[in-house]
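This report concerns only the one structure given below.
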Protein chains: 2
Amino acid sequence: MTDRQPIDRESVLLAAEALVRDRGPAGLSMRKLAAELGAAVTAIYWHVGNREALLDELVQRTVAEMGQIEARGATPAARAESVALALRRKLRERPHLIALVHERGLTELMMLPAQRALVHEAHAAGLRGTAAAEAVRVLQFHVVGFVLVERNRERAPRQQPGEPELWDAETAEQDPALAATLGGVPDSERLFELSTRALIASLWGIPRPKE
Amino acid sequence: MTDRQPIDRESVLLAAEALVRDRGPAGLSMRKLAAELGAAVTAIYWHVGNREALLDELVQRTVAEMGQIEARGATPAARAESVALALRRKLRERPHLIALVHERGLTELMMLPAQRALVHEAHAAGLRGTAAAEAVRVLQFHVVGFVLVERNRERAPRQQPGEPELWDAETAEQDPALAATLGGVPDSERLFELSTRALIASLWGIPRPKE
DNA sequence: ACCTGAACACCGTTCAAGT
DNA sequence: ACCTGAACACCGTTCAAGT
């Protein structure tokens with residue numbers, strides 16, 4: 001009897017995605033969603049089945065959107081690095097949805113386009129067979145793992161005892177620069193480049209700088 | 001009037017930990033916990049505050065238990081690798097609780113003992129200051145990230161289109177060994193060692209094999 | 001100090017009934 | 001084909017009341 005409106009599957013999915021995008025999966029309740037859409041809760045069930053199926057569909061779409069990755073650079077190593085960097089950026093754009101993909105164990109599926117690009121660069125670098133496959137997988141694991149750790153850091157509350165205090169006392173006098181770095185917020189941009197390059201150097205072969 | 005029993009804080013925590021350990025955080029409801037303890041739901045609130053505080057306490061204990069890590073091996077690089085391997089093993093022993101620690105953003109705090117051990121090895125390898133700090137942090141990120149990705153893989157449902165099919169068609173004839181490896185289940189033991197060694201070699205300095 | 005049941009405000013889901 | 005409200009079985013949490 002209140003201001004009810006007809007809805008369709010698409011509008012349900014869009015509203016759900018919006019809720020998840022800025023309040024996280026926990027922020028998506030069927031009742032809130034219904035209220036947002038101006039329909040009865042049960043209308044949603046007609047269109048999307050249930051909450052689980054709704055989230056599954058959102059996950060599928062996210063996987064699809066993670067689409068193509070473009071490699072840039074002169075050497076295979078540089079191009080592989082550019083894939084890793086692009087991947088990290090893309091993953092960080094949709095944190096909540098990526099978390100859902102991860103929860104549902106579809107990370108690998110989502111990574112397929114990037115995997116293709118990396119295989120191409122591994123071949124270009126002269127790698128073949130198991131060595132190439134492992135080089136690719138190591139880099140995949142690395143990128144996804146890094147993003148997960150990074151996100152965690154950002155969501156983190158102020159660290160309990162505070163890392164600074166723990167380092168000040170002991171190692172500080174021996175190696176103050178180390179204590180300062182470990183005490184502060186990590187520069188994840190730099191850490192990512194550093195570790196990505198280290199892995200690529202080991203597994204793709206070190207690119208010779210031209211000069 | 002039913003078979004109610006007096007409880008204390010410790011018994012509540014133990015019962016809660018048991019529930020989380022084998023049914024996951026989602027399996028812990030205050031009502032189930034009360035039933036398990038043979039007390040009224042509200043008795044739990046008197047002892048531990050609320051669900052959030054209860055989980056916080058479990059997390060604190062897990063962090064404490066993650067305690068010391070022992071380095072083994074001849075060279076600093078080998079010893080750093082042993083820390084990484086031990087860390088991975090420990091993390092994999094308590095998946096649900098580690099997930100909770102992670103959710104609460106206390107991963108870094110939990111990693112402090114390992115961080116100390118790694119700093120020691122970095123110093124032994126002759127690293128100082130920012131370089132040492134970064135070498136340590138890269139390895140920390142690496143281990144935690146790897147374990148998160150690994151766990152995800154294991155919880156994963158059968159991959160949707162199945163990676164095998166996707167690789168068969170295209171690259172298979174060019175590089176059948178690669179297609180076979182990427183189509184199969186990753187040997188994460190090997191991937192972890194491979195990537196850990198690659199990072200250590202780049203950042204700690206490559207250990208010379210004695211022969 | 002410790003525990004109780006009742007009550008409140010939420011959930012997701014099912015279902016018979018309406019148009 | 002699409003939507004409804006009522007009902008069920010769950011939640012976490014608060015609170016006045018008991019001992």
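Numbered from 1 within each chain, the chains take letters A, B, ... in sequence-line order. From a predicted model like this one, the values you see are computed outputs, not experimental measurements. Hydrogens, waters and symmetry mates play no part in the numbers below; they use all other heavy atoms, side chains included.
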TODO: Check whether any side-chain heavy atom of A:Gln140 sits under 4.5 Å from a side-chain heavy atom of A:Thr107, and report yes or no.
DONE: no
Task: Donor-acceptor contact below 3.5 Å, side chain A:His142 vs main chain A:Leu199 - done: no
- [ ] Just compare C:dG5, D:dG5, D:dT13 and give me whichever is closest to any side-chain atom of A:Thr42.
- [x] D:dG5
Open item on the list: What is the separation between atom CG on A:Asp8 and atom P on D:dC2, rounded to the nearest whole Å?
Closed with: 9 Å
Open item on the list: Can you measure A:Met30 atom CE to C:dC10 atom P for me and round it to whole angstrom units?
Closed with: 18 Å
- [ ] Output yes when a side-chain donor or acceptor of A:Arg137 lies under 3.5 Å from a complementary backbone atom of B:Thr181, and no otherwise.
- [x] yes
TODO: Measure the shortest side-chain to side-chain distance between A:Met110 and A:Ile98 over non-hydrogen atoms and say whether it is less than 4.5 angstrom.
DONE: yes
- [ ] Go through residues 43-51 of chain B and report each residue with a non-hydrogen atom lying under 4.0 Å from DNA chain C, sorted by number.
- [x] B:Ala43, B:Trp46, B:His47
Open item on the list: Restricting to non-hydrogen atoms, name the atom on A:Gly27 and the atom on A:Lys32 that form the minimum distance, rounded to 0.1 Å.
Closed with: O-NZ, 3.2 Å
Task: Test: A:Glu150 and A:Arg92 ion pair at under 4.0 Å - done: yes
Open item on the list: Just to be sure I understand the rule, does B:Ser29 reach a base, reach only the sugar-phosphate, or reach nothing, if contact means heavy atoms closer than 4.0 Å?
Closed with: sugar-phosphate
TODO: Using Watson-Crick or G-U wobble pairs with both distances under 3.5 Å, give me DNA chain D in dot-bracket, 5' to 3', with [ ] for crossers and | for pairs to another strand.
DONE: ||.|||||...|||||.||
Task: Pairwise side-chain contact, B:Trp204 with B:Glu81, heavy-atom cut-off 4.5 Å (strictly under) - done: no
Open item on the list: Tell me whether A:Arg88 forms a cation-pi arrangement with A:Phe146, defined as NZ or CZ under 6.0 Å from the six-membered ring centre and within 45 degrees of its axis.
Closed with: no
TODO: Using atom types as modelled and distance alone, determine if a side-chain donor or acceptor of B:Arg51 lies under 3.5 Å from a backbone N or O of B:Leu28.
DONE: yes
Open item on the list: Could you tell me how far apart B:Leu33 (CG) and D:dC10 (C1') are, to the nearest whole angstrom?
Closed with: 16 Å
Task: Interatomic distance, B:Leu55 CG vs D:dG12 P [rounded to whole Å] - done: 10 Å
- [ ] Could you tell me whether A:Leu28 contacts a base, only the sugar-phosphate backbone, or nothing, with contacts defined as non-hydrogen atoms closer than 4.0 Å?
- [x] sugar-phosphate
Task: Selection: residues 10-21 of chain A, any non-hydrogen atom under 4.0 Å of DNA chain C - done: none
Task: Distance in angstrom units between A:Leu54 CG and C:dC11 P, rounded - done: 15 Å
Task: A:Arg104 side chain reached by A:Leu55 side chain, heavy atoms, under 4.5 Å - done: yes
Open item on the list: So that I can tick it off, tell me whether B:Arg61 and B:Glu65 are bridged by a salt bridge, with the cut-off set at under 4.0 angstrom between side-chain N and carboxylate O.
Closed with: no
